[in-house]
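Each remark here refers to the structure printed beneath this line.
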Amino acid sequence: MRRSLPMYKLFGCAFFILWLAAAAVNAERFVSGSLAGLGGVGQVKTGDADAMEWNPAALGGTKYSFQFLVTPLSARIDTDDLTFQNLYRLIQEDITVEQRESILASIKGGKFDGSAILSGGAYVCLGDNSLSASVRAYGRLQATPDLFSLLLGGTQFGRTYDISDSQMQTIVYGDVGIGSVYSDPWLADVLRIKGFHMGGSLRYLQGLDYRDITSAGSTIAVLETDGVYSQVGDGRFHMRHSSDGKGVGTDVGLLLQLTQAFSVDVSLVNLGRIWWLDARESVFEYVVDPQTGSGAYAEVDSQPLEITPVWDLPTQLRAGVSFSTSEDVTWSFRYAQQLKGVQAGAREFVTAVQLDRLSLLPLRFAAKYSTLDARLTFAFGCGIHIGPLVLDVGTPSLADLINGGKDASISVSTGLRF
């Protein structure tokens, strides 16, 4: 069956994002290789540049005068029922109808729910001041198995396809920010602690692409009467879209170094919003050729939106403690709660350790429990540090990455610091 390119690209965008992420967590976090190996959290007492993604006060008391860190790839795929292996098989050209339907039968509750995140960027830090730039992409797809069958395999005459409550959202934006840390030695002396640090960052957000697609109808069927094919039901989809957005964001944090080996921190990150300008709403209808019965989605209407769509950053509240049991072993216990976004209310508990017995080859391990899916995952990461040069690789979900499971993620970072 021949498909109309516009509608196929709309949903293909979601599959493409998911596939890229798996081949390589929510646009909500820029996770470096070292943070990924620690379950996505930062060792704030080390003063590394990437720990600012956890808490902007992380540069307080840093031992480095200059840091340059590049993360060319941070990617994550997260699905409820379909494993990455099955999701990858679905978009292959040579899969049979029977194989496709067998995979789709594994979707429980009649609805697939998956999300993907891609990001990449860089940090430049001079002491406790920073400049950052990144590009972040976020996609979420909720779809019925019938919608997968319709888009990937075409219609079967006489079959009714349920497409109700299907939706997809993709967000792509650039992020440029400046950050700084205020350290107060007088207050630290009054509190009898090693260091008192308050940090913050201000970020300009440039929206690059926004698509929000929802199904307006519930069912589609193609019937044949006296050699004439016709579509029955309402298969419309409405898409709000824009390629220009403006927004601002901020992060604030507090870091208390109680002793040389022990610190506590709290932060509020990703507080902000993007306003999407010159947005339009397009309507796509499933159109059937009466002679051949082949069908395709086609755009039948497009109008400017009278309102300005907004997208709130997925704000998080974070807190934790870090302590060293020796010069080369650092432990962290972290808590995070999602305040905004599709996962609002979800909480994470992380226990992480970094081993630096071989300064050339740091090792990182973490265990994370999330209330969102009520399961325990294990993270692993390692690095190669040669003088000022650093290379770090990590994954916050090691088993799923190896086995092609439902939450596959990996991040790679490189740079230099001295």
Side-chain angles (χ1 to χ4, degrees), residues 17 20-44 46-59 62-77 116-138 171-181 199 201-206 208 249 251 269-270 354 356 359-364 379-396 401 408-418:
I17 291 176
L20 276 179
V25 166
N26 306 31
E28 68 253 32
R29 282 190 295 193
F30 170 68
V31 181
S32 67
S34 60
L35 266 65
L38 295 168
V41 304
Q43 296 280 28
V44 294
T46 62
D48 294 344
D50 52 353
M52 290 190 65
E53 283 292 319
W54 175 266
N55 187 331
L59 289 181
T62 181
K63 61 183 178 181
Y64 303 109
S65 58
F66 176 82
Q67 298 185 68
F68 174 64
L69 179 71
V70 177
T71 300
L73 176 66
S74 173
R76 176 178 179 177
I77 178 175
I117 304 156
L118 291 173
S119 62
Y123 265 109
V124 177
C125 299
L126 296 174
D128 55 10
N129 299 299
S130 68
L131 174 66
S132 63
S134 64
V135 176
R136 314 183 188 212
Y138 166 73
I171 305 288
V172 182
Y173 67 95
D175 182 324
V176 178
I178 56 174
S180 186
V181 178
S201 66
L202 181 63
R203 297 149 56 190
Y204 168 74
L205 311 176
Q206 175 63 54
L208 302 175
D251 309 319
V269 299
N270 275 335
Q354 178 166 320
D356 294 301
S359 58
L360 178 68
L361 185 66
L363 299 177
R364 306 175 182 95
F380 171 76
C382 62
I384 299 176
H385 295 180
I386 304 176
L389 301 177
V390 297
L391 172 66
D392 292 296
V393 180
T395 173
L401 181 65
S409 176
I410 192 168
S411 296
V412 181
S413 299
T414 187
L416 56 91
R417 59 194 183 203
F418 50 80

Indicate yes or no: at least one non-hydrogen side-chain atom of [X] is less than 4.5 angstrom from one of [Y].
X	Y	value
E53	S32	no
V269	N55	no
S180	I178	no

Could you go through the side-chain contact (heavy atoms from CB on, under 4.5 Å) check for D356 and H385 one step at a time?
CA-CA 11 Å; D356 294 301; H385 295 180; 5.9 Å; no
Distance-only side-chain donor-acceptor flag, D50 / T71, under 3.5 Å:
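No.
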Any chance the side chains of S201 and D251 put a donor and an acceptor closer than 3.5 Å?
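Per modelled atom types, S201 and D251 side chains form a pair under 3.5 Å.
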Taking all heavy atoms of A379 and all of A36, pick out the closest pair and write down the distance.
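Closest approach of A379 to A36, heavy atoms only: CB-O, 3.6 Å.
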Heavy-atom count around I384 CD1 within 6.0 Å, excluding the residue itself: above 12?
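Result for CD1/I384: open.
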What distance separates S134 OG from Y173 OH, expressed to the nearest 0.5 Å?
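S134 OG to Y173 OH: 7.0 Å, rounded to 0.5 Å.
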Could I get the full list of salt bridge (charged side-chain N to carboxylate O under 4.0 Å, His left out) partners for D175, not counting sequence neighbours?
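In terms of salt bridge (charged side-chain N to carboxylate O under 4.0 Å, His left out), with neighbours along the sequence ignored, D175 is linked to R136, R203.
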Any sub-3.5 Å donor-acceptor pair from Q67's side-chain atoms to G47's backbone N or O?
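Answer holds: yes.
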Would you please name every residue forming a ring pair (Phe, Tyr, Trp, His ring centres under 6.0 Å) with Y204, sequence neighbours left out?
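Y204 satisfies ring pair (Phe, Tyr, Trp, His ring centres under 6.0 Å) with no residue once adjacent residues are dropped.
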Using the ring pair (Phe, Tyr, Trp, His ring centres under 6.0 Å) criterion, which residues pair with F380? Sequence neighbours excluded.
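Scan of F380 (ring pair (Phe, Tyr, Trp, His ring centres under 6.0 Å), adjacent residues dropped) gives F365.
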